[in-house]
**Student:** 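Please see the structure below; I have some questions.
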Amino acid sequence: MSIKKALTIAGSDSGGGAGIQADLKTFQELGVFGTTALTAVTAQNTLGVQDVFPLTPQMVKSQMESVGDDIGVQALKTGMLFNAEIISAVSETISRYKWEKVVVDPVMIAKGGASLLQQEAVSALKSKLLPLAMVVTPNIPEAEVLTGMRIKTEEEKREAARNLFELGVSNVVIKGGHDENTSESIDLLYDGLVFITFRSERIRTKNTHGTGCTFSAAITAELAKGVAVPDAVSTAKSYIQAAIEDQLTIGSGHGPTNHWAYKRKFMNV
Ligand SMILES: Nc1ncnc2c1ncn2[C@@H]1O[C@H](COP(=O)(O)OP(=O)(O)OP(=O)(O)O)[C@@H](O)[C@H]1O
Ligand SMILES: Cc1ncc(CO)c(N)n1
């Protein structure tokens with residue numbers, strides 16, 4: 001059986017809800033073979049991040065080479081990158097392998113407030129990695145940091161998307177999970193020409209740990225299968241909606257989402 005392959009370059013979440021763990025679960029559920037390059041180990045649970053240990057940039061690069069030289073991938077995503085040196089190593093290696101279907105989830109801060117990206121690494125993210133991205137998926141606070149704008153209105157969201165497009169990203173998705181005073185969770189896609197909105201009912205829950213990782217991993221899995229960007233975003237939206245709706249009760253803080261839900265909802269599995 002031939003299968004499409006995807007790579008996630010991200011941190012480990014010991015609690016299993018976000019990071020590499022969320023990405024692999026998503027790849028698996030969407031029928032794509034998942035490979036990994038770990039950037040950092042976090043000691044983390046539903047209450048927050050207790051400890052962080054970054055790997056060396058060389059070790060991140062070696063893992064990418066191990067995957068690239070033998071297995072090969074049709075698409076990849078980046079998540080927690082932690083520092084500027086890791087961002088440089090990742091960007092150089094992506095360029096060397098000429099990987100094109102690159103999804104950048106510009107992870108900055110965990111739900112509990114812990115920093116997953118050093119402040120001084122933001123400029124490396126903008127200048128080195130974003131120009132290589134086919135899709136970038138910031139939440140609203142991340143889009144504010146990347147653009148230096150305050151984003152409150154729909155027009156400001158559009159302006160931020162235009163700014164990010166100008167940095168060389170082919171498709172910008174500004175996620176609306178943080179827009180808590182709306183009854184819908186609205187994600188905005190911009191491809192340099194048109195805006196497409198993806199809407200879903202906002203679910204009232206504190207169990208949204210790892211939603212961003214899962215969403216970007218689902219886009220990556222669909223791109224690996226050859227799906228076009230708007231359709232990939234649409235499937236990712238359905239996937240994350242199902243995964244938030246069909247709640248699990250794990251831990252006493254911000255619990256993870258449910259990766260069994262998508263197939264249960266849409267494929268009766
Ligand atoms: N309460 C909710 N109800 C429905 N959809 C949601 C909810 N919260 C987030 N989403 C959806 O989940 C996806 C991730 O968005 P979000 O803005 O939460 O990302 P994030 O902040 O990067 O996540 P993370 O918690 O992993 O950092 C988006 O498609 C968003 O619309
Ligand atoms: C390892 C890791 N990556 C990403 C996030 C963002 O949800 C997190 N909390 N932990």
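Just follow the structure's listing: the first ligand is 1, and inside any ligand the first atom is 1. Excluded from the calculations below are hydrogen atoms, water molecules and symmetry mates; all remaining heavy atoms, backbone and side chain alike, are included. Predicted, not measured: the structure shown is a model, and the values here were computed from it.
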**Student:** Are there over 12 heavy-atom neighbours, none belonging to E155, within less than 6.0 Å of that residue's CD?
**Tutor:**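 For E155, atom CD is crowded (more than 12 foreign heavy atoms under 6.0 Å).
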
**Student:** Can the ring centroids of Y190 and F165 be said to lie less than 6.0 angstrom from one another?
**Tutor:** yes

**Student:** Taking only heavy atoms of the protein into account, state which residues are under 4.0 angstrom from an atom of ligand 1, in chain and number order.
**Tutor:** K111, N139, K175, G177, H178, S185, D187, E201, R202, I203, T208, G210, T211, G212, C213, F215, K237, I240, Q241, I244

**Student:** Hey, are K175 and D105 close enough for a salt bridge, meaning a charged N less than 4.0 Å from a carboxylate O?
**Tutor:** yes

**Student:** Show the atoms of ligand 2 that are less than 4.0 angstrom away from any heavy atom in H209.
**Tutor:**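 Going through ligand 2 atom by atom, the ones under 4.0 Å from H209 are 9 (N).
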
**Student:** Identify, for atom 9 (N) of ligand 2, the protein heavy atom at the shortest distance, and state residue, atom and that distance.
**Tutor:** Q44 OE1, 2.8 Å

**Student:** Strictly by modelled atom types, are E65 and T93 linked by a side-chain donor-acceptor pair under 3.5 Å?
**Tutor:**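 Side-chain D/A pair, E65 to T93: absent.
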
**Student:** Around atom 4 (C) of ligand 2, find the nearest protein heavy atom and jot down its residue, atom name and distance.
**Tutor:** C213 SG, 3.6 Å

**Student:** Could you verify whether a donor N or O on one side chain and an acceptor N or O on the other, from T147 and N163, lie under 3.5 Å apart?
**Tutor:**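 N163 and T147 do not have a side-chain donor-acceptor pair below 3.5 Å.
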
**Student:** Which residues pass the side chain to side chain contact (heavy atoms under 4.5 Å, CB included) test with N258, sequence neighbours left out?
**Tutor:** D246, L248, W260, A261, R264

**Student:** In terms of side-chain geometry, is the basic nitrogen of E159 or R150 positioned less than 4.0 Å from the acidic oxygen of its partner?
**Tutor:** no

**Student:** Can you list the ligand 2 atoms lying under 4.0 Å from a non-hydrogen atom of G11?
**Tutor:** 1 (C)

**Student:** Does only the side chain of L116 get under 4.0 Å from ligand 2, or the backbone, or both, or neither? Count heavy atoms.
**Tutor:**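 It is the side chain that gets close, since no backbone atom is under 4.0 Å.
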
**Student:** Give the numbers and elements of all ligand 2 atoms closer than 4.0 Å to a heavy atom of A18.
**Tutor:** 5 (C), 7 (O), 8 (C), 9 (N), 10 (N)

**Student:** Between the side chains of S200 and E184, is a donor N or O closer than 3.5 angstrom to an acceptor N or O?
**Tutor:** no

**Student:** Any non-hydrogen atom of G79 lying under 4.0 Å from ligand 2?
**Tutor:**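 So G79 does not count as touching ligand 2.
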
**Student:** Going by atom types alone, do S88 and E92 pair a side-chain donor with an acceptor below 3.5 Å?
**Tutor:**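 The answer is no; no qualifying pair exists.
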
**Student:** Do K265 and E245 sit within salt-bridge range, that is, some charged N less than 4.0 Å from a carboxylate O?
**Tutor:**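 Salt bridge flag = yes for E245 with K265.
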
**Student:** Which of the atoms of ligand 2 are close to S12, meaning less than 4.0 Å from one of its heavy atoms?
**Tutor:**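 Close to S12: 1 (C).
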
